[in-house]
Amino acid sequence: MSVTRTTDPDLIGFDPARLARIDEHFGRYVDDGRLPGWQIVVTRRGEIAHSSTYGMRDVEAGAPVGADTLWRIYSMTKPITSVAAMMLWESGRFELTDEISRWLPEFADMRVYSKGSVLKPYTVPATEPIRVWHLLTHTAGLTYGFMQTSVVDGLYRAAGYDLLPPPGVDLAGACAVFGEFPLLFQPGTAWGYSVATDVLGRLVEVVSGQSLDAFFTDRIFGPLGMTDTHWWVQESDAERLAALYVPDPATGRAVRHERFGAAVRQQPVLLSGGAGLVSTAADYHRFTQLLLRGGELDGVRLLGPRTVRFMTRNHLPGGRDLAALSVGGFAESNFEGVGFGLGFAVLEDPVRSLLPSSAGEYHWGGVASTAFLVDPAEELTALLFTQLMPSSTWPLRAQLRQLIYSALID
(Lines give C-alpha, C1' and ligand atoms only; values in the text may rest on other atoms or scores of the structure.)
Protein backbone atom coordinates (compact mmCIF):
# COMPACT_ATOMS: atom_id res chain seq x y z
CA MET A 1 0.00 0.00 0.00
CA SER A 2 1.44 3.40 -0.96
CA VAL A 3 0.75 7.08 -0.53
CA THR A 4 2.08 8.34 -3.83
CA ARG A 5 0.59 11.47 -5.37
CA THR A 6 -2.61 10.71 -7.27
CA THR A 7 -3.30 14.00 -9.05
CA ASP A 8 -1.77 17.29 -10.12
CA PRO A 9 -2.12 19.69 -7.17
CA ASP A 10 -3.53 22.50 -9.34
CA LEU A 11 -6.51 20.31 -10.26
CA ILE A 12 -7.68 20.34 -6.65
CA GLY A 13 -6.95 23.93 -5.72
CA PHE A 14 -3.27 23.91 -4.74
CA ASP A 15 -0.50 26.06 -6.22
CA PRO A 16 2.26 23.45 -6.90
CA ALA A 17 5.07 25.94 -6.31
CA ARG A 18 3.62 26.95 -2.96
CA LEU A 19 3.03 23.34 -1.98
CA ALA A 20 6.70 22.65 -2.73
CA ARG A 21 7.59 25.03 0.11
CA ILE A 22 6.66 22.23 2.53
CA ASP A 23 9.67 20.16 1.54
CA GLU A 24 11.96 23.17 1.38
CA HIS A 25 11.01 24.29 4.87
CA PHE A 26 11.09 20.94 6.63
CA GLY A 27 14.19 19.96 4.70
CA ARG A 28 16.07 22.63 6.61
CA TYR A 29 15.22 20.87 9.88
CA VAL A 30 17.04 17.79 8.62
CA ASP A 31 19.89 19.62 6.99
CA ASP A 32 20.85 21.39 10.21
CA GLY A 33 20.32 18.28 12.35
CA ARG A 34 17.20 19.29 14.29
CA LEU A 35 15.22 16.35 12.85
CA PRO A 36 16.53 12.98 11.66
CA GLY A 37 13.98 12.68 8.83
CA TRP A 38 10.28 12.96 8.07
CA GLN A 39 7.34 11.91 5.91
CA ILE A 40 4.49 14.25 4.91
CA VAL A 41 1.22 13.53 3.09
CA VAL A 42 -1.41 16.12 2.08
CA THR A 43 -4.73 15.22 0.49
CA ARG A 44 -7.77 17.06 -0.78
CA ARG A 45 -11.09 15.78 -2.10
CA GLY A 46 -9.89 12.22 -1.77
CA GLU A 47 -6.75 12.79 -3.87
CA ILE A 48 -3.16 12.85 -2.66
CA ALA A 49 -1.75 16.23 -3.67
CA HIS A 50 1.61 15.95 -1.93
CA SER A 51 3.63 13.02 -0.60
CA SER A 52 7.28 13.29 0.32
CA THR A 53 10.04 11.86 2.49
CA TYR A 54 13.37 13.35 3.48
CA GLY A 55 16.30 12.47 5.69
CA MET A 56 17.02 9.35 7.68
CA ARG A 57 14.81 6.95 9.55
CA ASP A 58 18.02 5.81 11.28
CA VAL A 59 20.85 8.33 11.14
CA GLU A 60 23.45 6.05 12.69
CA ALA A 61 22.69 3.23 10.25
CA GLY A 62 22.56 5.60 7.27
CA ALA A 63 19.06 4.31 6.45
CA PRO A 64 16.78 6.81 4.68
CA VAL A 65 13.10 7.36 5.34
CA GLY A 66 11.05 5.21 2.96
CA ALA A 67 7.43 5.18 1.93
CA ASP A 68 6.87 2.16 4.19
CA THR A 69 8.77 3.41 7.26
CA LEU A 70 7.23 2.36 10.55
CA TRP A 71 6.61 5.21 13.00
CA ARG A 72 5.76 5.21 16.70
CA ILE A 73 2.52 7.16 16.63
CA TYR A 74 2.10 7.31 20.42
CA SER A 75 -0.97 9.49 21.17
CA MET A 76 -2.26 9.22 17.62
CA THR A 77 -3.43 5.87 19.01
CA LYS A 78 -6.06 7.80 21.02
CA PRO A 79 -8.40 8.65 18.11
CA ILE A 80 -8.41 4.96 17.09
CA THR A 81 -9.38 3.91 20.61
CA SER A 82 -12.07 6.60 20.62
CA VAL A 83 -13.46 5.25 17.34
CA ALA A 84 -13.49 1.75 18.84
CA ALA A 85 -15.47 2.99 21.83
CA MET A 86 -17.96 4.84 19.66
CA MET A 87 -18.49 1.74 17.53
CA LEU A 88 -19.67 0.03 20.71
CA TRP A 89 -21.77 3.08 21.60
CA GLU A 90 -23.45 2.89 18.18
CA SER A 91 -24.36 -0.71 19.02
CA GLY A 92 -26.12 0.44 22.18
CA ARG A 93 -23.59 -1.17 24.54
CA PHE A 94 -23.41 1.92 26.76
CA GLU A 95 -24.49 5.54 27.07
CA LEU A 96 -22.00 8.38 27.22
CA THR A 97 -23.48 9.33 30.59
CA ASP A 98 -22.97 5.85 32.09
CA GLU A 99 -20.70 5.60 35.10
CA ILE A 100 -17.59 3.63 34.13
CA SER A 101 -17.65 1.85 37.51
CA ARG A 102 -20.49 -0.24 36.08
CA TRP A 103 -17.78 -2.15 34.16
CA LEU A 104 -14.65 -1.00 36.01
CA PRO A 105 -15.51 -1.12 39.72
CA GLU A 106 -12.07 0.17 40.68
CA PHE A 107 -13.30 3.63 39.67
CA ALA A 108 -16.22 3.71 42.10
CA ASP A 109 -16.15 6.12 45.07
CA MET A 110 -13.30 8.22 43.67
CA ARG A 111 -11.64 10.96 45.68
CA VAL A 112 -10.16 14.26 44.50
CA TYR A 113 -6.86 15.83 45.56
CA SER A 114 -7.30 18.94 47.71
CA LYS A 115 -3.93 19.71 49.29
CA GLY A 116 -0.83 18.15 50.78
CA SER A 117 2.20 16.35 49.40
CA VAL A 118 2.98 13.13 47.58
CA LEU A 119 3.79 11.56 50.94
CA LYS A 120 0.64 12.89 52.59
CA PRO A 121 -2.07 13.97 50.13
CA TYR A 122 -5.39 15.24 51.48
CA THR A 123 -8.44 14.32 49.41
CA VAL A 124 -12.18 14.97 49.32
CA PRO A 125 -14.96 12.81 47.84
CA ALA A 126 -15.72 13.21 44.14
CA THR A 127 -19.04 14.99 43.68
CA GLU A 128 -19.58 13.40 40.27
CA PRO A 129 -18.73 9.85 39.11
CA ILE A 130 -16.43 9.33 36.15
CA ARG A 131 -18.64 8.79 33.10
CA VAL A 132 -17.78 7.47 29.65
CA TRP A 133 -17.81 10.93 28.09
CA HIS A 134 -15.29 12.10 30.70
CA LEU A 135 -12.83 9.52 29.36
CA LEU A 136 -13.41 10.52 25.73
CA THR A 137 -12.96 14.23 26.51
CA HIS A 138 -10.13 14.04 29.10
CA THR A 139 -12.37 15.65 31.71
CA ALA A 140 -12.24 12.69 34.14
CA GLY A 141 -9.61 14.20 36.45
CA LEU A 142 -7.00 11.55 35.66
CA THR A 143 -3.46 12.60 34.69
CA TYR A 144 -0.09 11.35 33.38
CA GLY A 145 2.95 10.73 35.54
CA PHE A 146 5.26 12.50 33.09
CA MET A 147 3.49 15.86 33.51
CA GLN A 148 5.54 16.73 36.61
CA THR A 149 3.30 19.66 37.55
CA SER A 150 1.14 18.34 40.41
CA VAL A 151 1.11 16.17 43.49
CA VAL A 152 -1.24 13.79 41.69
CA ASP A 153 1.14 13.09 38.81
CA GLY A 154 3.82 12.62 41.45
CA LEU A 155 1.75 9.79 42.88
CA TYR A 156 1.64 8.17 39.43
CA ARG A 157 5.43 8.39 39.12
CA ALA A 158 5.94 7.04 42.63
CA ALA A 159 3.98 3.97 41.53
CA GLY A 160 6.15 3.58 38.42
CA TYR A 161 3.85 5.19 35.82
CA ASP A 162 5.96 7.69 33.89
CA LEU A 163 6.55 7.75 30.13
CA LEU A 164 6.70 3.95 30.32
CA PRO A 165 4.55 1.77 32.59
CA PRO A 166 6.08 -0.52 35.22
CA PRO A 167 7.27 -3.82 33.73
CA GLY A 168 4.88 -6.75 33.84
CA VAL A 169 1.68 -4.75 34.39
CA ASP A 170 -1.20 -5.29 31.96
CA LEU A 171 -4.02 -2.88 31.13
CA ALA A 172 -6.38 -4.31 33.75
CA GLY A 173 -3.68 -4.06 36.39
CA ALA A 174 -2.83 -0.48 35.44
CA CYS A 175 -6.48 0.57 35.66
CA ALA A 176 -6.71 -1.02 39.11
CA VAL A 177 -3.81 1.22 40.19
CA PHE A 178 -5.24 4.35 38.51
CA GLY A 179 -8.44 3.83 40.48
CA GLU A 180 -6.47 4.10 43.72
CA PHE A 181 -5.05 7.54 42.92
CA PRO A 182 -6.96 10.73 43.74
CA LEU A 183 -8.26 12.72 40.79
CA LEU A 184 -6.63 15.99 39.81
CA PHE A 185 -10.00 17.78 39.70
CA GLN A 186 -13.69 17.05 40.03
CA PRO A 187 -14.90 15.11 36.96
CA GLY A 188 -16.40 17.28 34.26
CA THR A 189 -15.03 20.59 35.57
CA ALA A 190 -11.71 20.90 33.70
CA TRP A 191 -9.57 19.33 30.98
CA GLY A 192 -6.47 17.34 31.85
CA TYR A 193 -4.47 15.25 29.40
CA SER A 194 -4.25 11.82 30.93
CA VAL A 195 -4.43 8.06 30.96
CA ALA A 196 -8.18 8.44 30.29
CA THR A 197 -7.84 6.85 26.86
CA ASP A 198 -6.01 3.87 28.36
CA VAL A 199 -8.95 3.45 30.72
CA LEU A 200 -11.26 3.81 27.71
CA GLY A 201 -9.35 0.99 26.04
CA ARG A 202 -9.95 -1.19 29.08
CA LEU A 203 -13.64 -0.29 28.89
CA VAL A 204 -13.64 -1.45 25.24
CA GLU A 205 -12.15 -4.77 26.38
CA VAL A 206 -14.69 -5.38 29.13
CA VAL A 207 -17.73 -4.29 27.12
CA SER A 208 -16.74 -6.15 23.94
CA GLY A 209 -15.33 -9.25 25.61
CA GLN A 210 -12.19 -8.98 23.45
CA SER A 211 -8.66 -7.87 24.18
CA LEU A 212 -7.90 -4.44 22.76
CA ASP A 213 -5.52 -5.81 20.14
CA ALA A 214 -8.10 -8.36 18.98
CA PHE A 215 -10.84 -5.74 18.77
CA PHE A 216 -8.64 -3.37 16.77
CA THR A 217 -7.58 -6.13 14.38
CA ASP A 218 -11.03 -7.61 13.88
CA ARG A 219 -13.11 -4.45 13.82
CA ILE A 220 -10.81 -1.67 12.53
CA PHE A 221 -7.45 -2.66 11.04
CA GLY A 222 -8.66 -5.72 9.16
CA PRO A 223 -11.72 -4.08 7.57
CA LEU A 224 -9.73 -0.95 6.64
CA GLY A 225 -6.71 -2.83 5.30
CA MET A 226 -4.38 -1.22 7.87
CA THR A 227 -1.96 -4.13 7.61
CA ASP A 228 1.08 -2.30 9.01
CA THR A 229 -0.47 -0.95 12.23
CA HIS A 230 0.54 -3.04 15.25
CA TRP A 231 1.31 -2.89 18.96
CA TRP A 232 4.94 -3.86 18.44
CA VAL A 233 7.47 -4.38 15.66
CA GLN A 234 8.45 -7.95 14.89
CA GLU A 235 11.97 -8.82 13.83
CA SER A 236 10.92 -9.26 10.20
CA ASP A 237 9.86 -5.59 10.09
CA ALA A 238 12.60 -4.16 12.31
CA GLU A 239 14.60 -2.71 9.41
CA ARG A 240 11.64 -0.46 8.53
CA LEU A 241 11.36 1.06 12.03
CA ALA A 242 12.49 4.66 12.46
CA ALA A 243 14.87 5.28 15.35
CA LEU A 244 13.79 7.58 18.17
CA TYR A 245 15.56 10.85 18.97
CA VAL A 246 15.61 13.72 21.48
CA PRO A 247 17.16 17.20 21.12
CA ASP A 248 20.63 17.73 22.51
CA PRO A 249 20.22 20.39 25.25
CA ALA A 250 23.30 22.27 24.12
CA THR A 251 22.99 22.19 20.32
CA GLY A 252 19.37 21.32 19.58
CA ARG A 253 20.51 18.57 17.23
CA ALA A 254 18.66 15.26 17.31
CA VAL A 255 20.44 12.54 19.28
CA ARG A 256 19.34 8.94 19.59
CA HIS A 257 17.27 7.81 22.60
CA GLU A 258 17.81 4.08 22.84
CA ARG A 259 15.85 3.29 26.01
CA PHE A 260 12.45 4.50 24.82
CA GLY A 261 13.25 3.59 21.24
CA ALA A 262 13.81 -0.08 22.06
CA ALA A 263 10.52 -0.59 23.92
CA VAL A 264 8.47 -1.05 20.75
CA ARG A 265 10.58 -4.02 19.64
CA GLN A 266 9.04 -6.24 22.31
CA GLN A 267 5.46 -7.46 22.57
CA PRO A 268 3.88 -5.25 25.23
CA VAL A 269 2.21 -6.57 28.34
CA LEU A 270 0.14 -3.39 28.60
CA LEU A 271 -1.92 -2.58 25.52
CA SER A 272 -1.99 1.21 25.76
CA GLY A 273 -5.07 2.61 24.05
CA GLY A 274 -3.55 6.03 24.64
CA ALA A 275 -0.10 5.55 23.15
CA GLY A 276 0.68 1.99 22.07
CA LEU A 277 0.63 1.74 18.29
CA VAL A 278 3.17 1.73 15.49
CA SER A 279 1.92 2.59 12.00
CA THR A 280 2.80 3.79 8.52
CA ALA A 281 1.76 6.85 6.55
CA ALA A 282 -0.28 4.65 4.22
CA ASP A 283 -2.22 3.06 7.08
CA TYR A 284 -2.93 6.25 8.97
CA HIS A 285 -3.89 7.91 5.70
CA ARG A 286 -6.66 5.33 5.40
CA PHE A 287 -7.81 6.13 8.93
CA THR A 288 -7.99 9.87 8.23
CA GLN A 289 -9.84 9.24 4.97
CA LEU A 290 -12.37 7.16 6.90
CA LEU A 291 -12.93 10.14 9.20
CA LEU A 292 -13.13 12.65 6.36
CA ARG A 293 -15.71 10.49 4.59
CA GLY A 294 -17.90 10.31 7.67
CA GLY A 295 -16.96 6.86 8.91
CA GLU A 296 -16.84 4.95 5.59
CA LEU A 297 -14.01 4.02 3.26
CA ASP A 298 -14.04 1.77 0.18
CA GLY A 299 -17.39 0.28 1.11
CA VAL A 300 -16.42 -0.38 4.75
CA ARG A 301 -18.40 1.61 7.31
CA LEU A 302 -17.19 1.73 10.90
CA LEU A 303 -19.24 4.71 12.10
CA GLY A 304 -22.25 6.65 10.93
CA PRO A 305 -21.61 10.16 9.54
CA ARG A 306 -23.64 11.81 12.30
CA THR A 307 -21.51 10.02 14.89
CA VAL A 308 -18.31 11.36 13.33
CA ARG A 309 -19.75 14.88 13.24
CA PHE A 310 -20.82 14.48 16.88
CA MET A 311 -17.35 13.29 17.89
CA THR A 312 -15.64 16.23 16.20
CA ARG A 313 -17.58 19.01 17.90
CA ASN A 314 -16.44 20.76 21.05
CA HIS A 315 -17.76 18.82 24.06
CA LEU A 316 -16.02 20.85 26.77
CA PRO A 317 -18.25 22.19 29.57
CA GLY A 318 -19.96 25.42 28.60
CA GLY A 319 -18.46 25.27 25.11
CA ARG A 320 -15.25 26.77 26.48
CA ASP A 321 -11.81 26.18 24.99
CA LEU A 322 -8.77 24.33 26.25
CA ALA A 323 -7.07 27.57 27.27
CA ALA A 324 -9.85 28.16 29.81
CA LEU A 325 -10.13 24.59 31.09
CA SER A 326 -6.71 22.96 30.76
CA VAL A 327 -4.87 21.95 33.93
CA GLY A 328 -1.90 19.73 34.54
CA GLY A 329 0.79 21.38 32.44
CA PHE A 330 0.16 20.07 28.93
CA ALA A 331 1.82 22.51 26.51
CA GLU A 332 2.13 20.92 23.09
CA SER A 333 0.11 23.58 21.27
CA ASN A 334 -1.71 26.88 21.54
CA PHE A 335 -5.05 26.18 23.21
CA GLU A 336 -6.76 29.50 22.49
CA GLY A 337 -9.84 28.90 20.35
CA VAL A 338 -9.37 25.11 20.44
CA GLY A 339 -11.99 22.83 22.01
CA PHE A 340 -12.05 19.09 22.48
CA GLY A 341 -14.45 16.48 21.18
CA LEU A 342 -14.69 12.73 21.69
CA GLY A 343 -11.07 11.87 21.01
CA PHE A 344 -9.92 14.90 18.99
CA ALA A 345 -8.92 18.52 19.50
CA VAL A 346 -11.37 20.69 17.54
CA LEU A 347 -10.56 24.11 16.09
CA GLU A 348 -13.31 26.52 17.09
CA ASP A 349 -11.84 29.94 16.28
CA PRO A 350 -8.94 30.15 13.77
CA VAL A 351 -8.21 33.78 14.67
CA ARG A 352 -7.87 33.17 18.39
CA SER A 353 -5.85 30.01 17.78
CA LEU A 354 -3.55 31.74 15.26
CA LEU A 355 -4.00 28.67 13.05
CA PRO A 356 -5.01 29.23 9.40
CA SER A 357 -7.25 26.14 9.30
CA SER A 358 -11.03 26.15 8.99
CA ALA A 359 -13.39 26.21 11.94
CA GLY A 360 -14.32 22.59 12.57
CA GLU A 361 -10.89 21.18 11.65
CA TYR A 362 -9.88 18.45 14.10
CA HIS A 363 -6.51 17.01 14.90
CA TRP A 364 -4.08 15.41 17.33
CA GLY A 365 -0.50 14.19 17.47
CA GLY A 366 2.01 12.04 19.29
CA VAL A 367 4.86 12.77 21.68
CA ALA A 368 7.45 11.90 19.00
CA SER A 369 6.25 14.89 16.90
CA THR A 370 3.85 13.00 14.65
CA ALA A 371 0.59 14.78 13.79
CA PHE A 372 -2.55 14.64 11.68
CA LEU A 373 -5.41 16.95 10.83
CA VAL A 374 -8.76 16.57 9.09
CA ASP A 375 -10.52 19.64 7.67
CA PRO A 376 -14.07 18.80 6.50
CA ALA A 377 -14.70 22.29 5.14
CA GLU A 378 -11.74 22.08 2.76
CA GLU A 379 -12.03 18.28 2.32
CA LEU A 380 -8.38 18.19 3.36
CA THR A 381 -6.18 15.91 5.46
CA ALA A 382 -2.52 16.14 6.39
CA LEU A 383 -0.05 13.77 8.04
CA LEU A 384 3.37 14.49 9.51
CA PHE A 385 5.67 11.72 10.71
CA THR A 386 9.05 12.05 12.38
CA GLN A 387 10.55 10.63 15.60
CA LEU A 388 11.67 13.43 17.92
CA MET A 389 10.63 13.65 21.57
CA PRO A 390 9.06 15.76 22.93
CA SER A 391 6.67 17.13 20.34
CA SER A 392 6.93 20.61 21.84
CA THR A 393 10.59 20.86 20.76
CA TRP A 394 9.86 22.61 17.46
CA PRO A 395 6.62 24.26 16.16
CA LEU A 396 6.24 21.66 13.41
CA ARG A 397 2.46 21.36 13.53
CA ALA A 398 1.71 25.07 13.29
CA GLN A 399 4.26 25.46 10.51
CA LEU A 400 2.76 22.57 8.54
CA ARG A 401 -0.63 24.30 8.60
CA GLN A 402 0.97 27.58 7.63
CA LEU A 403 2.50 26.01 4.54
CA ILE A 404 -0.49 23.89 3.51
CA TYR A 405 -3.16 26.56 3.79
CA SER A 406 -1.09 29.24 2.10
CA ALA A 407 -0.79 26.86 -0.86
CA LEU A 408 -4.57 26.71 -1.35
CA ILE A 409 -5.62 29.18 -4.04
CA ASP A 410 -9.18 28.29 -5.06
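Quick caveat, the model's predicted, so the values are computed rather than measured.
Applying the salt bridge (charged side-chain N to carboxylate O under 4.0 Å, His left out) rule to pairs touching residues 191-202 yields Arg202-Glu205, sequence neighbours excluded. For residues 299-311, the set of pairs meeting the side-chain hydrogen bond (donor to acceptor under 3.5 Å, both in side chains) definition, not counting sequence neighbours, comprises Glu90-Thr307. Sorted by first then second residue, the salt bridge (charged side-chain N to carboxylate O under 4.0 Å, His left out) pairs that include residues 135-155, not counting sequence neighbours, are Asp153-Arg157. Residue pairs that meet the side-chain hydrogen bond (donor to acceptor under 3.5 Å, both in side chains) test with at least one member in residues 370-379, sequence neighbours left out, are Arg44-Glu378, Ser358-Asp375, Asp375-Tyr405. Note on residues 211-231: pairs passing salt bridge (charged side-chain N to carboxylate O under 4.0 Å, His left out), not counting sequence neighbours, are Asp228-Arg240. Identified under the salt bridge (charged side-chain N to carboxylate O under 4.0 Å, His left out) test for residues 352-362, with sequence neighbours left out: Asp321-Arg352, Glu336-Arg352, Glu361-Arg401.
Between the side chain of Trp71 and the backbone N or O of Thr386 there is no donor-acceptor pair closer than 3.5 Å. Judged by distance alone, the side chain of Arg131 and the main-chain N or O of Thr97 form a donor-acceptor pair under 3.5 Å.
What you find for Thr77 and Gly276 is that their closest heavy atoms are OG1-N, 3.4 Å. In terms of heavy-atom proximity, Thr197 sits nearest to Gly273 at CG2-O, 3.5 Å. Nearest heavy atom pair, residue Leu342 against residue Thr137, reads CD2-CG2, 3.7 Å.
With sequence neighbours excluded, no residue forms a salt bridge (Lys or Arg N to Asp or Glu O under 4.0 Å) with Arg265. Phe221 pairs by the ring pair (Phe, Tyr, Trp, His ring centres under 6.0 Å) definition with Phe216, not counting sequence neighbours. Among residues two or more places apart in sequence or in another chain, the side chain to side chain donor-acceptor pair (under 3.5 Å) test is passed with Thr123 by Arg111. The side chain to side chain donor-acceptor pair (under 3.5 Å) check on Thr6 picks up Glu47, with sequence neighbours excluded. Applying the salt bridge (Lys or Arg N to Asp or Glu O under 4.0 Å) test to Glu106 and every residue at least two apart in sequence or in another chain returns nothing. Every residue two or more places apart in sequence or in another chain that forms a ring pair (Phe, Tyr, Trp, His ring centres under 6.0 Å) with Tyr144 is listed here: Phe146, Tyr193.
Between Ile48 and Ser51 the shortest side-chain heavy-atom distance falls below 4.5 Å. For the pair Val327/Leu184, a side-chain contact is recorded, criterion being any heavy-atom separation below 4.5 Å from C-beta on. Gln186 has its side chain within reach of Val124: a pair of non-hydrogen atoms, C-beta onward, lies under 4.5 Å apart. Annotation: side chain of Asp10 is not in contact with side chain of Asp15 (no heavy-atom distance under 4.5 Å).
For the ring-ring contact (aromatic ring centres under 6.0 Å, His included) test with His315, the passing option among Phe310, Trp133, Phe340 is Phe310; the others fail.
The aromatic ring centres of Tyr74 and Trp364 sit 6.0 Å or more apart. Between Tyr54 and Phe26, the ring center distance fails the sub-6.0 Å criterion. Ring centers of Phe178 and Phe107: at least 6.0 Å apart, outside the cut-off.
To the nearest 0.5 Å, atom CZ of residue Phe344 and atom CE of residue Met311 are 4.5 Å apart. For the atom pair OG1 of Thr280 and CE of Met226, the computed distance is 7.5 Å after rounding to the nearest 0.5 Å.
Looking only at atom types and distance, the side chain of Gln289 has a donor-acceptor partner in the side chain of Thr381 under 3.5 Å away.
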Could you go step by step and tell me if His285 and Thr43 meet the side-chain contact (heavy atoms from CB on, under 4.5 Å) rule? CA-CA 9 Å; His285 163 68; Thr43 82; 3.6 Å; yes

Leu396 and Leu384: CA distance, side-chain angles, deciding distance, side-chain contact (heavy atoms from CB on, under 4.5 Å) verdict: CA-CA 9 Å; Leu396 306 177; Leu384 168 65; 3.8 Å; yes

